[in-house]
There are 2 protein chains.
Amino acid sequence: MVVDEQVVDRLLHALADTTRRDIVRRCLAGEASVSRLAEAYPMSFAAVQKHVAVLERAGLVSKERSGREQLVRTDVDAVRRARDALEQLEATWRGRVDRMSDLLTERNENDERDKP
Amino acid sequence: MVVDEQVVDRLLHALADTTRRDIVRRCLAGEASVSRLAEAYPMSFAAVQKHVAVLERAGLVSKERSGREQLVRTDVDAVRRARDALEQLEATWRGRVDRMSDLLTERNENDERDKP
DNA sequence: CTAACGTACAACCAAATGGTTGTAGATGAA
DNA sequence: TTCATCTACAACCATTTGGTTGTACGTTAG
């Protein structure tokens, strides 16, 4: 179940911004319209709109129309998937470390060196 | 023990790039010089150097001089801290959800169907 | 219907990103 | 010493990012 690298890129990039993480948090605690969200930050409505778009592209939130408002809702599963993605990364890396340990243990004189 | 937002920003941004994640992985499985790393990617030495710098600024790797080479080593603890940071984020968000649930539960004592 | 509200989107801008090439300084090998 | 290697860093460039303002459009309230 290898997570697509591109997906991970978008996911981590989306979360690598304080405002966006805050939006995720806010929209987890009850849905909020984009304009209501915009009131919470020292930036324009359009700017917040863009942040929401980035989160949406990463699959972290989704929008649902309700009358003339657009309600933003955090996808809790997506947040979990984000955590799992990092966990998987860590597992891969850790796996490498483990295999490395094995190699070191049984390593004798095999000194390989590739030169292009 | 709140993780500094700025630190999280740098951490997640550093990891939001396939090449950089690969560098982290490679430098976990044995140290590698920057030039050796550069051989592994379809980009210039300077570009890889910049990627390493980003990882270093995020505290994910460190460099150690060995002769004329600069060995890059992934800080395993930093990787763990990265995972923990996301976990903490998730915990915060989850906490919000839980408190939200509590509110809903308490409100439910009256057992009425009020529509806002 | 009209006015106000919420949204979408385009155009624009400064700054950051991700890449390049070129130059210069250390260091190890011959 | 001389030369090849490894690194650091500056200058430059194209694209993306994160912000702005302005305009247009659908929806709701009065």
Side-chain angles (χ1 to χ4, degrees), chain A residues 5-24 26-27 30-73 111 113-116, chain B residues 5-24 26-27 30-74 115-116:
Chain A
E5 296 287 341
Q6 185 104 6
V7 172
V8 179
D9 282 3
R10 277 201 288 266
L11 203 56
L12 294 179
H13 170 254
L15 291 176
D17 181 283
T18 305
T19 301
R20 285 196 290 264
R21 285 195 300 276
D22 196 70
I23 290 177
V24 168
R26 277 176 192 270
C27 296
E31 306 182 354
S33 67
V34 181
S35 53
R36 181 156 298 271
L37 275 176
E39 295 171 2
Y41 305 103
M43 63 186 75
S44 68
F45 169 80
V48 173
Q49 219 177 7
K50 285 191 183 181
H51 279 306
V52 171
V54 170
L55 290 170
E56 200 175 13
R57 223 162 43 93
L60 281 165
V61 308
S62 59
K63 291 187 294 187
E64 188 187 354
R65 190 133 227 141
S66 168
R68 62 184 162 187
E69 291 185 339
Q70 193 84 268
L71 299 184
V72 181
R73 185 174 52 84
D111 184 47
R113 184 159 307 217
D114 57 320
K115 272 287 148 198
Chain B
E5 296 288 340
Q6 184 103 7
V7 172
V8 179
D9 281 4
R10 276 200 289 266
L11 203 55
L12 294 179
H13 170 254
L15 291 176
D17 181 282
T18 306
T19 300
R20 284 197 289 265
R21 285 195 301 274
D22 196 70
I23 291 177
V24 168
R26 277 176 192 271
C27 296
E31 305 181 356
S33 67
V34 181
S35 52
R36 180 158 298 271
L37 275 176
E39 295 171 4
Y41 305 103
M43 63 186 75
S44 70
F45 169 81
V48 173
Q49 218 177 8
K50 285 190 182 181
H51 279 307
V52 171
V54 171
L55 290 170
E56 201 175 12
R57 223 162 43 93
L60 281 166
V61 307
S62 60
K63 291 188 294 187
E64 187 186 355
R65 203 150 212 124
S66 167
R68 64 184 161 187
E69 291 185 339
Q70 194 84 268
L71 299 185
V72 182
R73 185 174 54 82
T74 294
K115 281 297 152 193

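First the proteins, then the strands, lettered A, B, ... as listed; each starts at 1.
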Take the protein atom [atom1] of [X] and the nucleotide atom [atom2] of [N], then report the distance between them rounded to whole Å.
X	N	atom1	atom2	result
B/Met43	C/dT21	CE	P	13 Å
A/His13	C/dT17	NE2	P	9 Å
A/Asp17	C/dT17	CG	C1'	15 Å
A/Glu64	D/dT27	CD	C1'	17 Å
B/Glu69	D/dC6	CD	C1'	7 Å
B/Arg65	D/dT5	CZ	C1'	12 Å
A/Ile23	D/dG18	CD1	P	11 Å
A/Leu15	D/dT17	CG	C1'	16 Å

Looking across every strand, which nucleic acid part, if any, lies under 4.0 Å from A/Ser35 by heavy atom: base, sugar-phosphate, or nothing?
sugar-phosphate

Considering every strand and a 4.0 Å limit on heavy-atom distances, what is the contact class for B/Arg20: base, sugar-phosphate, or nothing?
sugar-phosphate

Can you identify which nucleotide, out of C/dG19, D/dT7, D/dT17, has its nearest atom closest to the B/Gln70 side chain?
D/dT7

Per B/His51 side chain, nearest of listed nucleotides D/dT20, C/dA8, C/dG19:
C/dG19

First of A/Ser66 and A/Ala46 reached from the 5' end of DNA chain D, by closest nucleotide:
A/Ala46

Relative to the 5' end of DNA chain D, which residue comes earlier, A/Thr19 or A/Arg68, by the nucleotide with the nearest heavy atom?
A/Thr19

OP1 or OP2 of [N] less than 4.0 angstrom from a side-chain nitrogen or oxygen of [X], does that happen here?
X	N	answer
B/Lys63	D/dA8	yes
A/Gln49	C/dA8	yes
A/Ser44	D/dT20	yes
B/Lys50	D/dC9	no

With rounding to the nearest 0.5 Å, note down the distance linking [atom1] in [X] to [atom2] in [Y].
X	Y	atom1	atom2	value
A/Arg21	B/Leu12	CZ	CG	6.0 Å
B/Leu71	B/Ser66	CG	OG	5.0 Å
B/Ser35	B/Arg68	OG	CZ	9.5 Å
A/Leu37	A/Phe45	CG	CZ	9.5 Å
A/Leu60	A/Cys27	CG	SG	11.0 Å

Give a yes or no on whether the backbone of A/Val61 and the side-chain of A/Glu56 come within a donor-acceptor separation of less than 3.5 Å.
no

Derivation and outcome, salt bridge (charged side-chain N to carboxylate O under 4.0 Å, His left out), residues A/Arg36 and A/Glu69:
CA-CA 10 Å; A/Arg36 181 156 298 271; A/Glu69 291 185 339; 5.8 Å; no

Please give me the minimum heavy-atom distance between A/Arg20 and A/His13, naming the atom from each residue.
NH2-O, 3.2 Å

Range-with-range stems of DNA chain D (Watson-Crick or G-U pairs under 3.5 Å, three or more in a row):
C:1-30 with D:1-30

